[in-house]
Amino acid sequence: DAICTAVRLRSDCGITALSGGVDSALVAALARRPCLVVGLDGSHDIRRANEVASLLQLPLHIRTVTSEEIAAVLPDVISHMYDPNPVDLAIGTTLYFVAQTARQLGYERILTGQGADEIFGGYDRYTKTPVNLLDELFARDFASLSRQGARDQSIARHLGAYLSMPYLDIRVVCAAQSIPPEKRVHGGIRKKPLREVASLYLPESYAYYEKKAMQYGSGIWKEIK
């Protein structure tokens, strides 16, 4: 209910950033907005987003970026980071093209799946952390969201857009944090409660699909390296 409400309140306008993973796919399924994917030609995210958009019968705009375009925007991306590092740069560059393309298409609001990994336990390290230390890991990752948000919104704002993140709605955060950590990551399945919700709106193979972060799936991290 919290996730549905959070998406509904944000889906009267805008475009959904769709990478094809469960986080963005569930937002896309609930929001029913046009979608956007960014990546290098032939990248995993472009292929996967195409599949999800076709399944949901939603329009998808594909922004194919080149090595030259990535190199050209790096100085601009870096200038909007307080303390840039390679991972932040890869994430920021990916979001730069998402925001730039959204504005070119006439959208200011960009619905994203960000925050789901931190509140539901989406990173691989959650499956390798002893149960008695999961609470501490969740708390540390949740605390990192303010820094990530400042980075991402700064880049989007520079391009005349903003990110709208349903998973960081207070309703969703409270609902997620009421679930014991060992049930959020259970039986080797990360984000288990989120996947159970997603399976109500997507085929199980999509709800339980394991996918790398957008900076990897888009191919942008490899190009930056």
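If you're wondering where the values come from, they're calculated on a predicted model, not measured in any experiment. FYI, side chains are in, hydrogens and waters are out, and symmetry mates aren't considered; it's all heavy atoms of this structure.
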For this session: Report yes if some heavy atom in the side chain of T93 is under 4.5 Å from a heavy atom in the side chain of L89; otherwise report no.
Result: yes
Exercise. What's the spacing between L202 CG and L56 CG if we round to 0.5 Å?
Worked result: 6.0 Å
Exercise. Are M81 and I224 joined in one hydrophobic group, where the rule is that I, L, V, M, F, W and Y side chains link up if heavy atoms are under 4.5 Å apart?
Worked result: yes
Problem set entry | Those residues that, when tested against Y162, pass side-chain hydrogen bond (donor to acceptor under 3.5 Å, both in side chains) (two or more places apart) | R109
Exercise. Would you call E136-R140 a salt bridge at under 4.0 Å N-O?
Worked result: yes
For this session: Of all the heavy-atom pairs spanning I62 and N50, show the shortest one and how long it is.
Result: CD1-ND2, 3.5 Å
Exercise. If we only count heavy atoms from C-beta on, is the I3 to Y167 side-chain gap below 4.5 Å?
Worked result: yes
Problem set entry | Closest heavy-atom pair and its distance - S24, L18 | OG-CD1, 3.6 Å
Exercise. Is there a donor-acceptor pair closer than 3.5 Å between any side-chain N or O of Q153 and the backbone N or O of L163?
Worked result: yes
Seminar exercise, completed: Taken to the nearest 0.5 Å, the spacing of D135 CG from Q177 CD works out to 9.5 Å
Seminar exercise, completed: Scanning both residues in full, the closest heavy-atom pair of L30 with V7 reads CB-CG1, 3.7 Å
For this session: Output yes when a side-chain donor or acceptor of R48 lies under 3.5 Å from a complementary backbone atom of G21, and no otherwise.
Result: no
Exercise. Just wondering, do P166 and L111 contact through their side chains at under 4.5 Å, heavy atoms?
Worked result: yes
Exercise. Rounded to the nearest 0.5 Å, what separation is found between the CG atom of L36 and the CD1 atom of I110?
Worked result: 7.5 Å
Exercise. If Ile, Leu, Val, Met, Phe, Trp and Tyr residues are connected whenever their side-chain heavy atoms lie under 4.5 Å apart, and connections chain through other members, are I15 and V27 in the same group?
Worked result: yes
Problem set entry | Nearest heavy-atom neighbours spanning L159 and A99 | CD1-CB, 3.8 Å
For this session: For residues 80-90, pull every pair meeting side-chain hydrogen bond (donor to acceptor under 3.5 Å, both in side chains), keeping only residues two or more places apart or in separate chains.
Result: H80-H158, N85-D88, D88-R147, D88-R151
Problem set entry | Non-hydrogen side-chain atoms of L60 and V52 separated by less than 4.5 Å | no
Problem set entry | Approximate separation, where rounding is to 0.5 Å, of L137 CG and E118 CD | 10.0 Å
Exercise. Can you list the steps and then say if V172 with F120 is a side-chain contact (heavy atoms from CB on, under 4.5 Å)?
Worked result: CA-CA 10 Å; V172 180; F120 287 107; 4.2 Å; yes
For this session: Let me see the working for H186 and I179 under side-chain contact (heavy atoms from CB on, under 4.5 Å), right down to the final yes or no.
Result: CA-CA 12 Å; H186 183 71; I179 302 170; over 6 Å; no
Problem set entry | side-chain hydrogen bond (donor to acceptor under 3.5 Å, both in side chains) partners of residues 94-107, not counting sequence neighbours, each pair once | R63-Q100, R63-T101, D76-Y96
For this session: State plainly whether one hydrophobic cluster holds both F97 and L40, where clusters connect Ile, Leu, Val, Met, Phe, Trp and Tyr through side-chain heavy atoms under 4.5 angstrom apart.
Result: yes
Exercise. Counting only heavy atoms not in D1, do more than 12 fall under 6.0 Å of its CG?
Worked result: no
For this session: Could you tell me which non-hydrogen atom of G39 sits nearest to which non-hydrogen atom of I46, and how far apart they are?
Result: O-CD1, 3.6 Å
Problem set entry | V22 reachable from Y201 in the ILVMFWY side-chain graph, under 4.5 Å edges | no
Problem set entry | E51 vs R47, salt bridge (Lys or Arg N to Asp or Glu O under 4.0 Å): CA-CA, chis, key distance, verdict | CA-CA 7 Å; E51 291 180 24; R47 295 196 308 272; over 6 Å; no
Exercise. Is a side-chain donor or acceptor of T5 paired with a backbone partner of A2 at a separation under 3.5 angstrom?
Worked result: no
For this session: Report the C-alpha distance between Y123 and K191 in whole Å, list the side-chain angles of each, state the deciding distance to 0.1 Å, and finish with yes or no for side-chain contact (heavy atoms from CB on, under 4.5 Å).
Result: CA-CA 9 Å; Y123 298 117; K191 297 185 287 196; over 6 Å; no
Exercise. Is there a chain of hydrophobic side chains (I, L, V, M, F, W, Y, each step under 4.5 Å between heavy atoms) that links L145 to V185?
Worked result: no
Problem set entry | E210 with R195: basic N within carboxylate O range, under 4.0 Å | yes
Exercise. So which heavy atom on L134 is nearest to which on P181, and how close?
Worked result: CB-CB, 3.7 Å
For this session: Could you name each residue pair satisfying salt bridge (Lys or Arg N to Asp or Glu O under 4.0 Å) that touches residues 160-176, not counting sequence neighbours?
Result: R10-D169, D169-R171
For this session: Kindly indicate whether the side chain of R184, heavy atoms from C-beta on, has any atom under 4.5 Å from the side chain of Y126.
Result: no
Problem set entry | Contact check, side chains of D117 and D141, non-hydrogen atoms, under 4.5 Å | no
Exercise. Looking at side-chain heavy atoms only, is the closest gap between T112 and M165 below 4.5 Å?
Worked result: yes
Exercise. Can K211 and D45 be counted as an ion pair, charged N to O under 4.0 angstrom?
Worked result: yes
Problem set entry | salt bridge (Lys or Arg N to Asp or Glu O under 4.0 Å) pairs, two or more places apart, involving residues 27-38 | none
Exercise. Quick one: are F142 and I119 in side-chain contact, heavy atoms under 4.5 Å?
Worked result: yes
Exercise. Pairs in or reaching into residues 216-225: which pass side-chain hydrogen bond (donor to acceptor under 3.5 Å, both in side chains), with residues at least two apart or in two chains?
Worked result: S67-E223
For this session: Could you tell me whether the side chain of T127 and the main chain of D124 form a donor-acceptor pair under 3.5 Å?
Result: yes
Problem set entry | Within 6.0 angstrom of H44 NE2, more than 12 heavy atoms from elsewhere | yes
Exercise. Roughly how far apart are S43 OG and M214 CE, rounded to 0.5 Å?
Worked result: 13.0 Å
Seminar exercise, completed: When rounded to the nearest 0.5 Å, the distance separating CD1 of I70 from CD1 of I220 is 5.0 Å
